[in-house]
Visitor: 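What follows is a structure written as structure tokens; I'll ask about it next.
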Amino acid sequence: MRALVTGGAGFIGSHLCETLVSQGDKVFVLDDLSTGRFDNIEHLPEVTSVIDSTLNQDIVRDLVREVDVVYHLAATVGVRLVVERPINTIVNNIQGTEVVLEEACRYRRRLLITSSSEVYGKGVKEQFHEDDDRLMGPTTLTRWGYAASKAMDEFLALAYWIEKRHPVVIARLFNTVGPRQTGRYGMVIPRFVTQALRNEPLTVHGDGQQTRCFTYVGDAIPALIRLMEDTSIAGEVFNLGSPECVTIEELAHRIIRLSGSQSSITHIPYEQAYGEGYEDIMNRAPSLAKLEQAIGYKPKTSLDAMLEIIIDHIRKSMPAPL
Ligand code: UDP
């Protein structure tokens, strides 16, 4: 197989490239290095990398023509970026996907689009199912622009399936974590681990009772590949996550314990973290029944196991103490 991975120099993209290369695929990466880093794929000399944006339609066309399948991961992500750069977030996410869809359809290349559990918004349910209603906050709060941009990507992808019978599959990722994820744009686990390893206070937002189900990247990648490989699947949306949920407060305690840190925990109001009027999502857990039925998905990595791997990775990448 020849595969194009947009956003291939990002955290999830780089793990996908690694697996595709290891199974003998020829991999092309398109990445504008906005949040991705060339270092993430430097160890994969087999990969052909093009540093450019998915908004550059000529480049996207040239690359799509070269491959059999397209994994579209490129997007503006991370609560911090979404809040600080809302124009960039909306334009990149919607136009970028529009370009990739148009070119994949032109050359009839099978396409997998990564979406986000953010599309469920602030709906309150024990588990979110793929066809559940979505509850979005007001347009005056920038954070909802990201959720809406990802939902628009899904609508457009499904429209290509309905109108043109173009085979697209959508994976809604739930808080994917693992080595190489950076805390720079807000993601909680790399932030807490770095704070713990520096024996600094862990900054829990709000009362810490919000929950998340963290998905290990090593479980997510084979699922993405299976969804791409199973050509009987098209025009479908799948949750891709983990059944193990944790409050952010408990997450902080676990990271302190597993890293042997001396850190304390401090609570930061949301306004201080992300500015006035920020709304968090209190609970977000996936129903995984559809994915399990389609590809036999069963995540293997427990929260403690993934935290240990991440702690080890960040510890090794930190400068040695003087
Ligand atoms: N969070 C936190 N401290 C941090 C960064 C994040 O308490 O330093 C919280 C954040 O407010 C949210 C949860 O951790 O409730 C997950 O945040 P992340 O940005 O990783 O993912 P998302 O909000 O997209 O689920």
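Both counts, for ligands and for their atoms, begin at 1 and track the order of listing. Note that these values count all heavy atoms, side chains included, but never hydrogens, waters or copies made by symmetry.
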Visitor: Taking side chain to side chain contact (heavy atoms under 4.5 Å, CB included) as the definition, give me every residue that meets it alongside Ile90, ordered by chain and number, with sequence neighbours left out.
Guide: Ile94

Visitor: Taking N or O atoms only and a 3.5 Å limit, does Gln195 qualify as a polar contact for ligand 1?
Guide: no

Visitor: For atom 16 (C) of ligand 1, which candidate among Val79, Val188, Val82 provides the closest heavy atom?
Guide: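 Ranked by closest heavy atom to atom 16 (C) of ligand 1, first place is Val188.
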
Visitor: Provide the number and element of each atom of ligand 1 under 4.0 Å from a heavy atom of Gly186.
Guide: 5 (C), 6 (C), 19 (O)

Visitor: Would you mind running through ligand 1 and noting each atom that sits below 4.0 Å from a heavy atom of Val204?
Guide: 7 (O)

Visitor: Determine, for Phe192 and Arg254, whether the Lys NZ or Arg CZ falls below 6.0 Å from the six-membered ring centre while staying within 45 degrees of the axis.
Guide: no

Visitor: Which ligand 1 atoms are under 4.0 Å away from a heavy-atom of Arg284?
Guide: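 Contacts of ligand 1 toward Arg284, numbered from 1: 22 (P), 24 (O), 25 (O).
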
Visitor: Tell me the nearest of Met187, Arg80, Arg191 to atom 8 (O) of ligand 1, using heavy-atom distances.
Guide: Arg191

Visitor: Against heavy atoms of Ile248, which atoms of ligand 1 measure under 4.0 Å?
Guide: 7 (O), 13 (C), 14 (O)

Visitor: In ligand 1, which numbered atoms sit nearer than 4.0 Å to a non-hydrogen atom of Thr203?
Guide: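 Per the distance check, 2 (C), 3 (N), 4 (C), 7 (O), 8 (O).
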
Visitor: Please say whether His205 places an N or O atom under 3.5 Å from an N or O atom belonging to ligand 1.
Guide: yes

Visitor: Any salt bridge between Asp132 and Lys125, counting N to O under 4.0 Å?
Guide: yes

Visitor: Backbone or side chain, does any N or O of Gln210 fall under 3.5 Å from an N or O of ligand 1?
Guide: yes

Visitor: Run the side-chain hydrogen bond (donor to acceptor under 3.5 Å, both in side chains) test on Asp25 and Gln23 for me, step by step, so that the C-alpha distance in whole Å, both residues' side-chain angles and the decisive distance to 0.1 Å come before the verdict.
Guide: CA-CA 6 Å; Asp25 292 343; Gln23 67 182 34; 3.0 Å; yes

Visitor: Identify the residue among Ile281, Val188, Val246, Leu251 that makes a side-chain contact (heavy atoms from CB on, under 4.5 Å) with Arg212.
Guide: Ile281

Visitor: Give the atoms of ligand 1, by number and element, whose distance to some non-hydrogen atom of Asn175 is under 4.0 Å.
Guide: 21 (O), 22 (P), 25 (O)

Visitor: Any idea which atoms of ligand 1 are less than 4.0 Å away from a heavy-atom of Tyr270?
Guide: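 Answer, ordered by atom number: 11 (O).
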
Visitor: Taking 4.0 angstrom as the limit and counting only heavy atoms of Asp280, give me the atoms of ligand 1 inside it, by number and element.
Guide: 11 (O), 12 (C), 15 (O)

Visitor: Taking all non-hydrogen atoms of both residues, which atom of Arg110 and which atom of Leu227 are closest, and how far apart?
Guide: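 Shortest heavy-atom contact: NH2-O, 2.9 Å.
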
Visitor: Can you tell me which residue and heavy atom of the protein come closest to atom 23 (O) of ligand 1, and the distance to 0.1 Å?
Guide: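 Of the protein heavy atoms, Arg212 NH2, 3.5 Å lies nearest.
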
Visitor: Using a strict threshold of under 4.0 Å (side-chain N to carboxylate O), is an ion pair present between Lys122 and Glu279?
Guide: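 A salt bridge links Glu279 with Lys122.
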
Visitor: Among Gln272, Glu249, His205, which residue meets the side chain to side chain donor-acceptor pair (under 3.5 Å) test with His267?
Guide: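 The option that passes is Glu249.
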
Visitor: Parallel, tilted or perpendicular: which describes the rings of Tyr160 and His166, with under 30° parallel and over 60° perpendicular?
Guide: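 Perpendicular.
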
